[in-house]
Asks: 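Shown below is the structure under consideration.
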Amino acid sequence: LKACRYEQPSVKDLAILQHEYNLLMKVDSPKIIKSYGLIKQNRQLGLVIEDIGGIDLQDYIQHKAFSLDHFFTIAIQVICALETLHAMRI
């Protein structure tokens, strides 16, 4: 579940989460996480997304040393995901 960080999110914060949901609903690719819904409660929104068991790339890089080959493997996966989004004009 992805939600706004603030108890009273701004209209802009809510619009960003709504926009992310709308974009994810347009994508059908194994390279991009899936969105299962948008929960609205009071002035909060929660984006229900696929749990792939991953971690933030920045955290991964900071806590684990890896080879150049491993770097390129990750880079190619990111590029393939971006290529999918670009092809959909997202």
Asks: So which heavy atom on Asp59 is nearest to which on Ile55, and how close?
Replies: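 Looking at all heavy atoms of both residues, the closest pair is C-CD1, 4.4 Å.
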Asks: Could you grab the distance from atom CD1 of Ile52 to atom CD1 of Ile32, nearest 0.5 Å is fine?
Replies: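 Here the rounded value is 10.0 Å.
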Asks: State the SG-CG distance between Cys4 and Leu45, to the nearest 0.5 angstrom.
Replies: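 Reported value, rounded in 0.5 Å steps: 6.0 Å.
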Asks: Search all heavy atoms of Gln44 against all heavy atoms of Glu7 and return the closest pair with its distance.
Replies: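 Scanning both residues completely, I find the closest heavy atoms to be NE2-O, 3.5 Å.
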Asks: CD1 of Ile90 to CG of Leu82: how many Å apart, nearest 0.5 Å?
Replies: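 The CG atom of Leu82 is 11.5 Å from CD1 of Ile90, to the nearest 0.5 Å.
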Asks: Measure from the side-chain N and O atoms of Gln18 to the backbone N and O of Leu38, and report whether any donor-acceptor pair falls under 3.5 Å.
Replies: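 Here the side-chain-to-backbone pair does not exist.
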Asks: How long is the straight-line distance from NE2 of His19 back to NZ of Lys12, given to the nearest 0.5 Å?
Replies: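 Reported to 0.5 Å precision, the distance equals 12.5 Å.
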Asks: Rounded to the nearest 0.5 Å, how far does OH of Tyr36 lie from CG of Asp51?
Replies: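 Result: 9.5 Å between the selected atoms.
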Asks: Return the NZ to SG distance between Lys31 and Cys80, rounded to the nearest 0.5 Å.
Replies: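 Output value for this atom pair is 5.0 Å.
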Asks: So that I can tick it off, tell me whether Lys2 and Glu20 are bridged by a salt bridge, with the cut-off set at under 4.0 angstrom between side-chain N and carboxylate O.
Replies: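 So Glu20 pairs with Lys2 through a salt bridge.
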Asks: State, to 0.1 Å, how close Gly46 and Leu17 come at their nearest heavy-atom pair, and which atoms those are.
Replies: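 For Gly46 and Leu17, the tightest heavy-atom pair comes out as N-CD2, 4.4 Å.
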Asks: When you group the ILVMFWY residues by side-chain heavy-atom contacts below 4.5 Å and let the links chain together, are Ile76 and Leu85 in the same group?
Replies: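 No, Leu85 and Ile76 fall in different hydrophobic clusters.
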Asks: Does Ser10 offer a backbone N or O that forms a donor-acceptor pair with the side chain of Asp13 under 3.5 Å?
Replies: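 At least one qualifying donor-acceptor pair exists.
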Asks: Is it the case that over 12 heavy atoms from other parts of the model lie below 6.0 angstrom from the CD atom of Gln58?
Replies: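 For Gln58, atom CD is not crowded (no more than 12 foreign heavy atoms under 6.0 Å).
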Asks: Are any non-hydrogen side-chain atoms of Tyr21 and Val48 less than 4.5 angstrom apart?
Replies: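 When only atoms from C-beta onward are counted, Val48 and Tyr21 do not touch, as no gap falls below 4.5 Å.
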Asks: With clusters defined by side-chain heavy atoms of hydrophobic residues (ILVMFWY) lying less than 4.5 Å apart, directly or transitively, does Leu23 cluster with Val27?
Replies: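 Same hydrophobic cluster.
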Asks: Can you name the one residue among Leu1, Ile39, Leu24 that meets side-chain contact (heavy atoms from CB on, under 4.5 Å) with Leu47?
Replies: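 Filter result, single survivor: Leu24.
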Asks: Any idea how His70 and Tyr60 line up, ring-wise: parallel (<30°), tilted (30 to 60°), or perpendicular (>60°)?
Replies: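 Ring orientation of His70 relative to Tyr60: tilted.
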Asks: Kindly check if the number of other-residue, nucleotide or ligand heavy atoms within 6.0 Å of CG (Asp28) is above 12?
Replies: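 Check fails, neighbour count at 12 or below.
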Asks: Hey, any chance Ile79 and Phe66 share a hydrophobic cluster, counting ILVMFWY side chains that come within less than 4.5 Å of each other, even indirectly?
Replies: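 No, it is not one cluster - the side chains of Ile79 and Phe66 are not joined through contacts under 4.5 Å.
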Asks: Linking I/L/V/M/F/W/Y whenever their side-chain heavy atoms sit closer than 4.5 Å, directly or via other members, would Leu57 and Phe72 fall into one cluster?
Replies: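 Yes.
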